[in-house]
Participant: 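Pasting a structure here, questions to come.
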Amino acid sequence: MSENETAVETDRGSSERTRLPAMASLISVVVAAAAALFFGVSWALAAGGGAAGYATARDEALQAGTQAVINFNTLDYHDVQRGLDRWAQSSTGPLHEEVVKGRQANAERITQAKTVTNAEVLSAGLTELNERAGKARMIAVVKVTVTPDGQPPTEKRSRYQAELTREGQEWKLSVLGPVPVG
């Protein structure tokens with residue numbers, strides 16, 4: 001072997017010795033990054049249910065809120081107690097306490113008015129959702145057909161804002177109020 005061949009062989013050996021640890025370090029970094037990404041995404045999906053879990057909670061809250069707004073705007077003086085039962089079943093917190101406390105006075109007022117109201121939500125949407133806290137806010141545009149006893153029906157449209165609270169697996173109204181016009 002000539003002197004030049006020995007020098008080339010020595011250079012090749014030292015460069016291979018330098019490349020192997022560098023390559024092993026690079027592979028270790030890539031594997032660690034992939035593991036961190038995998039476990040991070042897995043943790044986030046498990047903690048919050050991921051995008052699908054959020055979408056499900058959003059849809060459930062909106063559907064329950066929409067039905068609750070309908071329940072609070074649909075009453076028949078022929079069967080007041082059933083309507084007031086729907087109010088109680090659709091509410092929680094301070095709103096529920098108000099419904100329970102004012103049940104008798106509301107029943108008398110509705111019976112004396114002799115009206116039938118039917119509500120239809122024309123448009124509704126959540127403005128906030130905190131799935132972990134079980135809280136949501138929504139707005140709704142409602143058409144209410146009011147039929148006084150012996151008279152033709154009239155329609156009125158109202159806008160409502162509502163707060164929803166999750167009780168167990170159910171979303172219920174905790175606040176319901178009109179949105180001022182203008």
Side-chain angles (χ1 to χ4, degrees), residues 27-76 79-103 106 110 115-147 153-182:
I27 291 172
S28 296
V29 168
V30 169
V31 169
L37 179 64
F38 172 78
F39 288 113
V41 168
S42 298
W43 175 81
L45 291 175
Y54 180 83
T56 299
R58 181 197 63 220
D59 293 347
E60 289 172 353
L62 182 58
Q63 181 180 11
T66 299
Q67 185 59 55
V69 169
I70 290 170
N71 292 348
F72 268 82
N73 285 280
T74 300
L75 284 167
D76 185 342
D79 193 2
V80 175
Q81 296 307 319
R82 180 184 291 171
L84 296 176
D85 287 344
R86 281 194 299 263
W87 285 14
Q89 293 164 358
S90 300
S91 62
T92 189
L95 181 59
H96 181 75
E97 292 170 15
E98 187 180 317
V99 165
V100 171
K101 189 165 56 172
R103 186 178 181 109
N106 286 328
I110 294 163
T115 58
V116 175
T117 60
N118 288 301
E120 175 186 353
V121 172
L122 302 176
S123 180
L126 292 185
T127 58
E128 291 180 38
L129 174 62
N130 184 334
E131 184 184 1
R132 286 181 192 246
K135 301 283 185 187
R137 291 178 188 230
M138 69 176 284
I139 55 173
V141 177
V142 182
K143 176 177 82 172
V144 179
T145 304
V146 181
T147 308
T154 59
E155 286 183 0
K156 76 176 194 178
R157 291 175 194 245
S158 302
R159 296 182 304 172
Y160 289 96
Q161 56 190 7
E163 292 182 20
L164 302 159
T165 302
R166 189 176 50 221
E167 276 188 357
Q169 296 300 313
E170 290 185 65
W171 289 93
K172 297 184 177 193
L173 289 179
S174 48
V175 175
L176 178 65
V179 173
V181 178

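Since this is a predicted model, take the numbers as computed values, not measurements.
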Participant: Taking atom CD of Glu98 as the centre, does the number of heavy atoms from other residues, nucleotides or ligands within less than 6.0 Å exceed 12?
Facilitator: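 Counting other residues, nucleotides and ligands, CD of Glu98 stays at 12 neighbours or fewer.
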Participant: Can you confirm whether more than 12 heavy atoms, excluding those of Glu170, are under 6.0 Å from its CD atom?
Facilitator: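 Not more than 12 within 6.0 Å, no.
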Participant: Without swapping roles, check the side chain of Ser158 against the backbone of Val142 for a donor-acceptor pair under 3.5 Å.
Facilitator: no
Participant: For the residue pair Asn71 and Trp87, what are the closest heavy atoms and their distance?
Facilitator: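 The pair with the smallest heavy-atom distance is O-NE1, 3.1 Å.
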Participant: When you compare the side chain of Thr92 with that of Ser174, does any pair of heavy atoms fall below 4.5 Å?
Facilitator: yes
Participant: Between Val175 and Leu95, is any pair of side-chain heavy atoms under 4.5 Å apart?
Facilitator: no
Participant: What pair of heavy atoms forms the shortest contact from Ala88 to Val99, and how long is it?
Facilitator: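 Reported closest heavy-atom pair: N-CG1, 3.9 Å.
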Participant: Let me confirm one number: the CG-CG distance from Leu126 to Asp59, rounded to the nearest 0.5 Å.
Facilitator: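 Separation between the atoms: 8.5 Å.
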Participant: Just to verify, which of Val144, Val69, Thr145, Asn118 counts as forming a side-chain contact (heavy atoms from CB on, under 4.5 Å) with Thr74?
Facilitator: Asn118
Participant: Quick one: closest heavy-atom pair of Ala124 and Thr66, and the distance?
Facilitator: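 Scanning both residues, the minimum pair turns out to be CB-OG1, 3.8 Å.
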Participant: Would you check if the side chain of Arg166 reaches a backbone N or O of Ala136 as a donor-acceptor pair within less than 3.5 Å?
Facilitator: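 No; zero donor-acceptor contacts below 3.5 Å.
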Participant: Enter the distance from Glu128:CD to Arg58:CZ here, rounded to the nearest 0.5 Å.
Facilitator: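 Answer rounded to 0.5 Å: 15.0 Å.
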Participant: Give a yes or no answer on whether the side chain of Arg86 reaches the backbone of Phe72 with a donor-acceptor pair at less than 3.5 Å.
Facilitator: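 Judged by distance alone, no pair lies under 3.5 Å.
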Participant: Answer whether the closest heavy-atom distance between the side chains of Thr165 and Lys135 falls below 4.5 Å.
Facilitator: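 They are in side-chain contact.
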Participant: I need the Lys143 NZ to Ser123 OG distance, nearest 0.5 Å.
Facilitator: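 The OG atom of Ser123 is 13.5 Å from NZ of Lys143, to the nearest 0.5 Å.
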Participant: From Arg137 CZ over to Asn130 CG, what is the distance, rounded to the nearest 0.5 angstrom?
Facilitator: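 Atom-to-atom, Arg137:CZ and Asn130:CG are 11.0 Å apart.
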Participant: Please report the closest heavy-atom contact between Ala57 and Leu129, naming both atoms and the distance.
Facilitator: C-CD2, 4.2 Å
Participant: Can you measure from CZ (Arg103) to CG (Leu84) and round to the nearest 0.5 angstrom?
Facilitator: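 So the CZ of Arg103 and the CG of Leu84 are separated by 5.0 Å.
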Participant: Locate the shortest heavy-atom distance separating Met138 from Leu164; write the atom from each residue and the value.
Facilitator: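 Looks like SD-CD1, 4.0 Å.
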Participant: Find out whether Gln67 and Ile70 are in side-chain contact, i.e. whether some heavy atom of one side chain is under 4.5 Å from a heavy atom of the other.
Facilitator: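 The answer is yes; the side chains approach within 4.5 Å.
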Participant: Are a donor atom and an acceptor atom from the side chains of Gln81 and Asp85 found within less than 3.5 Å of each other?
Facilitator: no
Participant: Can you name the nearest heavy-atom pair linking Gly83 to Leu75, along with the distance?
Facilitator: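 For Gly83 and Leu75, the tightest heavy-atom pair comes out as CA-CD2, 3.6 Å.
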